[in-house]
Amino acid sequence: MKFLRGVCPHCNGELQIPENLDTIICMYCGKEFSVRDALTQKEEPDRPEKVADETVSEALHSLLYDIENPIQNFKKPLYMDSFQKYVSDHAKDLAILEQAYLASDEPECMMERVAEPFAADVENDLNSRPGRKREGVLMDYNLSMVVYVFPALLETDDVSGQAWIDALVSGWKKHFPKTDLKAATAREINDGFRYKFCYITTAVCMNRHKPDDCYELSLLRSFRDDYLLQSAEGEKMVHEYYDVAPSIVKHIDRREDAGAIYEGIWQQYISPCIRLIESDQKEACVDLYKHMVYELRDLYFH
């Protein structure tokens, strides 16, 4: 008897099918189906052509270096429109990264092969700048990665996007060990203007069982948006805060005495800042808040 080679359309088990049968029951999954279905090979979708590492690297550089002033539109009324324009302007670059991921036989190796030199190039760029400018430029790059590059990758595809983010964060950490970049979608970031971007004060107020829209948080957010972000020095302070605050809160939260630490921050910094804002002593509040961030960074940023 002659046998035909087929594949179960339900479980993909390989079958040897007597040629005189019209239907067959799969020996693996027990499903019955026609021999014609077993003999019909499903065509695999066309696989994208592989992309050269140099092309992928150029796309990564474009995604970062085309952002001139990331904090300029990093405000609730402006951010989403700015982000959508960024995605549209860099559609080709994002498509290259997606194609490279899909076409690679070993995507993790490919991404690591490109992401680490990319971070090295950023470090070399920083080292070529005068010392006094280096820190500010790095903060710009950190912010650009978090509020534009990462969300754009997630919007393109959440699977390949997250894989790219993991590779980029790993490479970034090797060259900038004090950074703690976190990924979020553009929608989460936009929602975060009410919550996530007042990390330390939010954590302190939550520890005191205050709601997200409490008087203290509302006052401090207004102070950030309407006063700090209106000057170059204030923008720099927000940059510094954004870079270290999430890690500070994370490390405090891991401690058994987190509640006592947050209460101490309230008594020593947050409450006095509120009083200074209320009495229109804004510069004094800036100095005190800056001192808080630096002190907490030294104690809890790792």
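Numbering of residues begins at 1 and proceeds along the displayed sequence. Not measured: the values here are computed from a predicted model.
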Practice task
With the side chain counted from C-beta on, respond yes when Leu153 and Asp158 share a heavy-atom pair under 4.5 Å apart, and no when they do not.
Solution key: no
Handout entry: Main-chain N/O of Leu276 paired to Ser279 side chain as donor or acceptor, under 3.5 Å
Key = yes
Fill in the blank from the handout: With sequence neighbours left out, the residues meeting side-chain hydrogen bond (donor to acceptor under 3.5 Å, both in side chains) with Ser128 are none
Practice task
Determine, step by step, whether Tyr141 and Ile67 satisfy the side chain to side chain contact (heavy atoms under 4.5 Å, CB included) criterion, reporting the C-alpha distance in whole Å, the side-chain angles of both residues, the deciding distance to 0.1 Å, and the verdict.
Solution key: CA-CA 9 Å; Tyr141 285 156; Ile67 306 170; over 6 Å; no
Practice task
Kindly indicate whether the side chain of Ile252, heavy atoms from C-beta on, has any atom under 4.5 Å from the side chain of Leu299.
Solution key: no
Practice task
For the residue pair Val51 and Tyr101, establish whether any side-chain heavy-atom pair is separated by less than 4.5 Å.
Solution key: no
Fill in the blank from the handout: Heavy-atom closest pair (Ala167 atom, Ala115 atom, distance to 0.1 Å) is O-CB, 3.5 Å
Problem - Pairwise side-chain contact, Phe223 with Val286, heavy-atom cut-off 4.5 Å (strictly under) - result: yes
Problem - Interatomic spacing from SG in Cys273 to CG in Leu219 - rounded to 0.5 Å - result: 10.0 Å
Practice task
Is it possible for you to say whether Leu78 and Val147 belong to one hydrophobic cluster, with membership spreading through side-chain heavy-atom contacts below 4.5 Å?
Solution key: no
Problem - Between CG on residue Asn127 and NE2 on residue His175, distance to nearest 0.5 Å - result: 10.5 Å
Problem - Glu112 atom CD, over 12 foreign heavy atoms within 6.0 Å - result: no
Practice task
Look up atom CG in Leu288 and atom CD in Gln268, then write down how far apart they are to the nearest 0.5 Å.
Solution key: 8.0 Å
Handout entry: Side-chain donor/acceptor of Ser144 to backbone N/O of Asp140, under 3.5 Å
Key = yes
Problem - Val137/Arg129 under side chain to side chain contact (heavy atoms under 4.5 Å, CB included): CA gap, chis, key distance, verdict - result: CA-CA 9 Å; Val137 175; Arg129 298 172 182 268; 3.8 Å; yes
Handout entry: Euclidean distance, Ile261 CD1 relative to His251 NE2, rounded to 0.5 Å
Key = 12.0 Å
Exercise for the section: State whether the side chain of Lys173 and the backbone N or O of Pro177 hold a donor-acceptor pair below 3.5 Å, judged by distance alone. Expected result: yes
Exercise for the section: Return yes if some donor-acceptor pair links the side-chain N/O of Ser62 with the main-chain N/O of Glu58 below 3.5 Å, else return no. Expected result: no
Practice task
Would you please classify the geometry between the Phe118 ring and the His61 ring as parallel, tilted or perpendicular, with 30° and 60° separating the classes?
Solution key: perpendicular
Exercise for the section: Please report the closest heavy-atom contact between Asp105 and Lys50, naming both atoms and the distance. Expected result: OD2-NZ, 2.7 Å
Exercise for the section: Scan residues 82-104 for pairs that pass salt bridge (Lys or Arg N to Asp or Glu O under 4.0 Å), counting only residues two or more places apart or in two chains. Expected result: Lys85-Asp89
Handout entry: Donor on one side chain, acceptor on other, Tyr148 and Ser82, under 3.5 Å
Key = yes
Exercise for the section: State whether the number of non-hydrogen atoms from other residues, nucleotides or ligands found under 6.0 Å of Glu32 atom CD is greater than 12. Expected result: yes
Problem - Heavy-atom pair with the smallest gap, counting every atom of Pro117 and Val114 - result: CD-O, 3.3 Å
Practice task
Report the C-alpha distance between Glu155 and Arg187 in whole Å, list the side-chain angles of each, state the deciding distance to 0.1 Å, and finish with yes or no for side chain to side chain contact (heavy atoms under 4.5 Å, CB included).
Solution key: CA-CA 10 Å; Glu155 184 146 313; Arg187 181 59 57 189; over 6 Å; no
Problem - Side-chain donor/acceptor of Gln230 to backbone N/O of Asp225, under 3.5 Å - result: yes
Problem - Qualifying residues under salt bridge (Lys or Arg N to Asp or Glu O under 4.0 Å), relative to Asp121, sequence neighbours excluded - result: none
Problem - Pair Tyr86 and Tyr79, ring centroids less than 6.0 Å apart - result: no
Problem - Residues, nucleotides or ligands: over 12 heavy atoms within 6.0 Å of Asp22 CG - result: no
Exercise for the section: State whether a side-chain donor-acceptor pair under 3.5 Å links Glu283 with Tyr227. Expected result: yes
Handout entry: Least distance between heavy atoms, Gly6 atom then Leu39 atom
Key = CA-CD2, 4.2 Å
Exercise for the section: Could you tell me which non-hydrogen atom of Glu278 sits nearest to which non-hydrogen atom of Tyr215, and how far apart they are? Expected result: OE2-OH, 2.6 Å
Problem - Pair Trp266, Asn207: side-chain N/O donor-acceptor within cut-off below 3.5 Å - result: no
Problem - Cys8 versus Leu15, closest heavy-atom pair with distance - result: N-CD1, 4.0 Å
Handout entry: Test item: Val56 and Leu97 side chains (from C-beta on) under 4.5 Å apart, heavy atoms
Key = yes
Practice task
Quick one: do Ile270 and Tyr289 satisfy side chain to side chain contact (heavy atoms under 4.5 Å, CB included)? Show the steps, please.
Solution key: CA-CA 8 Å; Ile270 306 300; Tyr289 210 82; 3.9 Å; yes
Practice task
With the side chain counted from C-beta on, respond yes when Lys182 and Val146 share a heavy-atom pair under 4.5 Å apart, and no when they do not.
Solution key: no
Practice task
With the side chain counted from C-beta on, respond yes when Asp53 and Arg113 share a heavy-atom pair under 4.5 Å apart, and no when they do not.
Solution key: yes
Fill in the blank from the handout: The reported gap from OG1 in Thr55 to CD in Gln99 (rounded to nearest 0.5 angstrom) is 9.5 Å
Exercise for the section: Return the set of residues passing salt bridge (Lys or Arg N to Asp or Glu O under 4.0 Å) with Asp257 (not counting sequence neighbours), or none when no residue passes. Expected result: Arg255
Handout entry: Side chain to side chain, Leu181 and Phe150, heavy atoms closer than 4.5 Å
Key = yes
Problem - With sequence neighbours excluded, residues passing salt bridge (Lys or Arg N to Asp or Glu O under 4.0 Å) with Asp157 - result: none
Problem - All salt bridge (Lys or Arg N to Asp or Glu O under 4.0 Å) counterparts of Asp166, not counting sequence neighbours - result: none
Fill in the blank from the handout: The reported gap from CD in Glu116 to CH2 in Trp172 (rounded to nearest 0.5 angstrom) is 12.0 Å
Exercise for the section: Tell me, yes or no, whether the heavy-atom count around Glu295 atom CD, taken from other residues, nucleotides or ligands under 6.0 Å, exceeds 12. Expected result: yes
